[in-house]
There are 2 protein chains.
Amino acid sequence: MADQPHTTDCRHDHVAHSHELRSEEVIDAAASMASAMGDPGRLRLLELLFDGRHCVSELAEETGDSMSAISQRLKILHNARLVTRNRDGKHVYYALADDHVRNIIQQLFIHSAE
Amino acid sequence: MADQPHTTDCRHDHVAHSHELRSEEVIDAAASMASAMGDPGRLRLLELLFDGRHCVSELAEETGDSMSAISQRLKILHNARLVTRNRDGKHVYYALADDHVRNIIQQLFIHSAE
DNA sequence: TCCTCAATTCAACGTTCTCTAAAATGATTA
DNA sequence: TAATCATTTTAGAGAACGTTGAATTGAGGA
């Protein structure tokens, strides 16, 4: 609500924007989703979930990281709605939330490998 | 190279992975790309670039943030190969790197708005 | 050359992140 | 119920992040 730190004395002409701008809520949600994918340890987990659900101990075994670390990473991914969580007996299984998430991650990988 | 903090005593069977895993380099590149998009201030800049190139002072004016802050955000986006940089006289113009980046951001917004 | 505008860099500061290690919770089996 | 396995939570330490404000660089015009 305070005045903004507007340090520009720019005198040259700027063209107005021709497209709709997203609301702050959408920007924040999208940023927090991207942020959740923005860590190598978490992105590796998402990749491991590409072939279906996996439980925490399995993911810990495959990555060589502690269960505590894996669990905390999964919690962040779950809060960002990127994975689902299901308890089955002693184990808790995580899986990719939907095909939309799948697509975003896949595109990210394709663009990065170029 | 040291031994891994492997705290699992898991006795139940795990199924082997049926898909190719990405190299650490690809994972790191993809994570740093996602991480660069994972901040509201930076994502807002990417959105503002959707209708074409803009210079730093223009983006500062539109967002109400300082040029220093904008410039540092753009540097991160540029390092992540999300935007291109071109000097034109006194001004430096930034633009989205390519349609691939466009798609990723668009999908991110669509999924977030749901 | 000197001055001005545009942009970048630097240093400092407070905030946020991510890990480890230990304690706590949930669920199954003896 | 007690014991055990799987997972989560908590607290704390160290690293990484993002901003502000000042100094610096780069380019153009007087």
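Within every chain, numbering begins at 1; the chains are lettered A, B, ... in the order of the sequence lines, protein sequences first and strands thereafter.
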- request: Whole angstrom is fine here: how far is it from CG in B:Asn79 over to P in C:dT8?
  value: 12 Å
- prompt: What's the closest nucleotide to the B:Lys90 side chain, out of C:dA27, C:dA22, D:dG28?
  reply: D:dG28
message: In this structure, how many angstroms lie between the P atom of D:dT8 and the CG atom of A:Leu77, rounded?
response: 12 Å
Modelled atom types, side-chain donor and acceptor of B:Glu61 and B:Ser57, under 3.5 Å: no
message: Nearest whole Å is fine: how far is C:dA7 C1' from B:Glu61 CD?
response: 15 Å
- prompt: Among D:dT9, D:dT7, C:dT9, which is the nearest nucleotide to the side chain of A:Lys75?
  reply: D:dT9
- request: Kindly confirm or rule out a cation-pi arrangement of B:Arg102 over B:Phe50, judged by NZ or CZ under 6.0 Å from the six-membered ring centre and within 45° of its axis?
  value: yes
- prompt: Under 3.5 Å, is there an N or O donor on one side and an acceptor on the other linking the side chain of B:Ser68 and the base of D:dG21?
  reply: yes
message: What's B:Ile76 touching, base or sugar-phosphate or nothing? Going by heavy atoms closer than 4.0 Å.
response: sugar-phosphate
message: So if I take every side-chain heavy atom of A:Arg85 and compare against D:dG18, C:dT9, D:dT7, which nucleotide ends up nearest?
response: D:dT7
message: For A:Leu108, is there any backbone N or O sitting under 3.5 Å from a side-chain donor or acceptor partner on A:Ser112?
response: yes
query: Contact class for A:Gly41 (heavy atom, under 4.0 Å): base, sugar-phosphate, or nothing?
result: nothing
message: What's the closest nucleotide to the side chain of A:Arg87 if the choices are C:dA7, D:dT9, C:dG26?
response: C:dG26
message: Taking any heavy-atom pair under 4.0 Å as a contact, classify A:Tyr93: base, sugar-phosphate, or nothing.
response: nothing
5′-ward residue of the pair A:Val92/A:Gln72 relative to DNA chain D: A:Val92
- line: A:Asp88 atom CG is separated from D:dT7 atom P, nearest whole Å, by 11 Å
field: Listed nucleotide nearest any side-chain atom of A:Cys55, set D:dT7, C:dT9, C:dT18
entry: D:dT7
query: Just to confirm, is there a sub-4.0 Å distance from OP1 or OP2 of D:dG18 to any side-chain nitrogen or oxygen of B:Arg42?
result: yes
